[in-house]
Amino acid sequence: MAAISLSSSSTNPKKATNYGVYSPCARPFRLALRSSLFGSTFPGTLSAEKPRVSGPRPLSSTRLNAVSASHHSFDVVVVGAGIIGLSIARQLLLESDLSVAVIDRAVPCSGATGAGQGYIWMSHKTPGSDIWELAVRSQKLWETLANSIEDQGLDPLDVLGWMRTGSLVVGGTREDTVKLKERVKQLSEAGVRAEFLSSRELRQVEPALLVQEERGAALVPGDSQLDAQRTVAFIEKGNRKFQSQGRYAEFYHDPVVSLLRTGDKGEVKAVQTSKNTLYSKKAVVVATGCWSGSLMHNLFPESDISVDIPVKPRKGHLLVLENFDSVQVNHGLMEFGYMNHQSLLSGPTSAVTDEQKLSVSMTATMDATGNLVLGSSRQFVGFNTEVDETIIDCIWKRAGEFFPKLREISLSEIRECRKVRVGLRPYMPDGRPVIGQVPCSNVFVAAGHEGSGLSLALGTAEMVADMVLGNPLKVDSAPFAVKGRSC
């Protein structure tokens, strides 16, 4: 799940003179231009309040390092410091000589990026769908990155939280079994290594899982997962390598106020934030997750360009159990119903609107530090990010249907070792992210990836950078175009 995480930590960060870079790393960064590698984990602390809320930790909980930028003029200004925005900045820095600024109203990993399970999966994607080629390309880029880290004698687990766990999509009925066998066939024909596991085989690879005779699973051994915080810190440090060359700067805790244009029909010449005016000589990229739709409306007031991007927040919860050894899993797991959006309603159907429907499906994985991460819920409740204990109870009960050991434990017994991630996925009604240029402008949008932001980040970044640079595209961008979602 990708989501906007809440945190109970709150302190006031130091303020850089004029404008600068707020980074979770306090040490200087020295590494090769192409590798941009580091070996430390993302620092931070969690509040002792209960229930604790996990996910992206606010920068205020870490040491701050302010680095003054050299000017207010850049070739490209990127709005949004999640995995999408930072990856776009990284791609532009590595593949061109352009200068890039990244703006965020908060800090990296405080948005949709940091609250998910970190799946880099193909098993739940459909060959031939609009998103398939982008997913294939992005996974290849993640694999290439992990391999390059290994080639330099470093461990991708330390650097990215990268684990080649493989994925299991588990069926619960005979009908699911038939569909999973067909999915395995589709994936195999599309060039993805996949196999169907019978109930007996599934018991062997996942002993903690309750496997009924009609249950089977689709296994994709090549699927992986990563840690969002480590990955974002890695990308940010790599980007900051270019700061000394005057090619990169970050403006955090600095929300965008408006775009400055050369006229009603002119291109955007600058981004006005609450503290700075950042001039853009070539392009502005908006990558602000579920806020992108409303932000685009606000950025083009009373102009000839009206942008309607129907991205909306889709709330989700995850439950993280620290030092929990009652259940161990060997793969990333997901029940087949997650893909079909099977629903549990939060009350009688007649009393529940479509916007309030709650879907809870089992997902389970071990993260890079050995915590058990259970999910997952989906719900449309606007921008509400409060923890809902009834949903946590639903997640626990649903997980118990697959892991019998959990039925022997009450949530109250594990309150001391639990954390809750709550957030908002950037949902698009047609299931496709928006990646492309706003007609008649030099503004580009990359948003609406819902739960696949991490998975699709590198492919999205490559696509946007190639658009800005005028390079041939590696993947057809037509399914993701802004046109048709604007009026």
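Position 1 is the first residue of the sequence, and the numbers go up from there. What you see is a predicted model; the values in this text were computed from it and never measured.
Asp254 has no carboxylate O lying under 4.0 Å from a charged side-chain N of Lys275, or vice versa, which leaves the two without a salt bridge. Electrostatic pairing of Glu401 and Arg398 counts as a salt bridge here, judged by a charged N lying under 4.0 Å from a carboxylate O. Between Arg418 and Glu389, at least one side-chain nitrogen of the basic residue sits less than 4.0 Å from a carboxylate oxygen of the acidic one, meeting the salt-bridge criterion.
Closest non-hydrogen pair, Ser138 versus Gly459, comes out as OG-N, 3.1 Å. Counting all heavy atoms, side chain and backbone alike, Arg425 lies closest to Gly451 at CD-N, 4.2 Å. Closest heavy-atom contact between Leu168 and Ala217: CD2-CB, 3.9 Å. Closest non-hydrogen pair, Ala446 versus Val464, comes out as CB-CG2, 4.1 Å. Smallest separation of non-hydrogen atoms from Ala368 and Gly161: CB-CA, 4.0 Å. Of all heavy-atom pairs spanning Gly222 and Gln139, the tightest one is O-NE2, 4.1 Å.
When each of Val102, Val100, Asn239 is tested with Arg90 by the rule side-chain contact (heavy atoms from CB on, under 4.5 Å), just one qualifies, namely Asn239. Each of Leu226, Thr231, Thr460 was checked for a side-chain contact (heavy atoms from CB on, under 4.5 Å) with Ile83, and the lone residue meeting it is Thr231.
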Subject >> Steps toward side chain to side chain donor-acceptor pair (under 3.5 Å) verdict (Thr365, Gln225) >> reply: CA-CA 9 Å; Thr365 191; Gln225 66 186 61; 2.6 Å; yes

Original post:
How far apart are the C-alpha atoms of Leu202 and Phe196, what are their side-chain angles, what is the distance that settles it, and do they pass the side-chain contact (heavy atoms from CB on, under 4.5 Å) test?
Top reply: CA-CA 9 Å; Leu202 186 54; Phe196 179 81; over 6 Å; no

Original post:
Could you go step by step and tell me if Val420 and Val320 meet the side-chain contact (heavy atoms from CB on, under 4.5 Å) rule?
Top reply: CA-CA 6 Å; Val420 176; Val320 183; over 6 Å; no

**OP:** Any chance you could lay out the side chain to side chain donor-acceptor pair (under 3.5 Å) test for Thr363 and Gln117, step after step, and finish with the verdict?
**Re:** CA-CA 9 Å; Thr363 62; Gln117 288 170 299; 3.1 Å; yes

**OP:** Test Tyr248 against Leu93 for side-chain contact (heavy atoms from CB on, under 4.5 Å), laying out the working first.
**Re:** CA-CA 8 Å; Tyr248 182 70; Leu93 292 167; 3.7 Å; yes

**OP:** Please lay out, stage by stage, how Asp227 and Leu160 fare under the test side-chain contact (heavy atoms from CB on, under 4.5 Å).
**Re:** CA-CA 6 Å; Asp227 180 272; Leu160 303 175; over 6 Å; no

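Counting heavy atoms from C-beta on, the side chains of Ile235 and Ser87 come closer than 4.5 Å. Under the 4.5 Å side-chain criterion, counting only non-hydrogen atoms from C-beta, Ser376 is in contact with Leu318. Residues Arg193 and Val220 form no side-chain contact, since every pair of their non-hydrogen atoms from C-beta on lies 4.5 Å or further apart. Side-chain atoms of Leu374 and Trp396, non-hydrogen and from C-beta on, do get closer than 4.5 Å to each other. Residues Val285 and Val79 have side chains not in contact (no heavy-atom distance under 4.5 Å, counting atoms from C-beta outward). Looking at heavy atoms from C-beta onward, Arg105 lies out of side-chain contact with Tyr252 at the 4.5 angstrom threshold. Arg183 places a side-chain heavy atom less than 4.5 Å from the side chain of Leu187. Here the side chains of Ile435 and Leu134 are in contact, with some heavy-atom distance below 4.5 Å.
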Indicate every side-chain donor-acceptor pair of residues 324-331 with a distance under 3.5 Å to a residue at least two apart or in another chain.
| unit_1 | atom_1 | unit_2 | atom_2 | d |
| --- | --- | --- | --- | --- |
| Gln328 | NE2 | Phe324 | O | 3.3 |
| Asn330 | ND2 | Val205 | O | 2.8 |
| His331 | ND1 | Glu206 | OE2 | 2.7 |

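A donor-acceptor pair under 3.5 Å is absent between the side-chain atoms of Arg314 and the main chain of Met428, judged by distance alone. When atom types are taken as modelled, the side chain of Asp223 and the backbone of Ser123 share a donor-acceptor pair closer than 3.5 angstrom. A donor-acceptor pair under 3.5 Å links the side-chain atoms of Lys315 to the main chain of Glu386, judged by distance alone. Checking side-chain atoms of Ser198 against main-chain N and O of Glu201 turns up a donor-acceptor pair under 3.5 Å. A donor-acceptor distance shorter than 3.5 angstrom exists from the side chain of Ser129 to the backbone of Thr126, with no hydrogens or angles considered. Side-chain N or O atoms of Ser292 include one that pairs as donor or acceptor with a backbone N or O of Thr288 at under 3.5 Å. Between the side chain of Trp142 and the backbone N or O of Leu456, no donor-acceptor pair lies under 3.5 Å. Using modelled atom types, no side-chain atom of Asp104 and backbone atom of Phe251 make a donor-acceptor pair closer than 3.5 Å. Arg230 contributes a side-chain N or O that, together with a main-chain N or O of Leu157, makes up a donor-acceptor pair within less than 3.5 Å. Of the possible polar contacts, none joining the Arg164 side chain to the Ser224 backbone as a donor-acceptor pair under 3.5 Å is found.
With rounding to the nearest 0.5 Å, the separation of CG in Asn371 from CG in Asn323 is 7.0 Å. Distance CG/Leu458 to CD1/Ile88: 11.0 Å, rounded to 0.5 Å. Leu319 contributes atom CG, which lies 6.0 Å from atom CD1 of Ile414 (distance to the nearest 0.5 angstrom). For the atom pair CG (Asp367) and OG1 (Thr165), the distance works out to 11.5 Å, reported to the nearest 0.5 Å. The CD atom of Glu175 sits 10.5 Å away from atom CZ of Phe336, with the distance rounded to the nearest 0.5 Å. For the atom pair OG (Ser455) and NE2 (His449), the distance works out to 9.5 Å, reported to the nearest 0.5 Å.
Listed by chain and number, the residues in a ring-ring contact (aromatic ring centres under 6.0 Å, His included) with Trp162 amount to none (sequence neighbours excluded). With sequence neighbours left out, Arg203 forms a salt bridge (charged side-chain N to carboxylate O under 4.0 Å, His left out) with Glu213.
Taking the six-membered ring for Trp and thresholds of 30 and 60 degrees, Tyr119 and Trp121 have nearly parallel ring planes, at less than 30 degrees apart.
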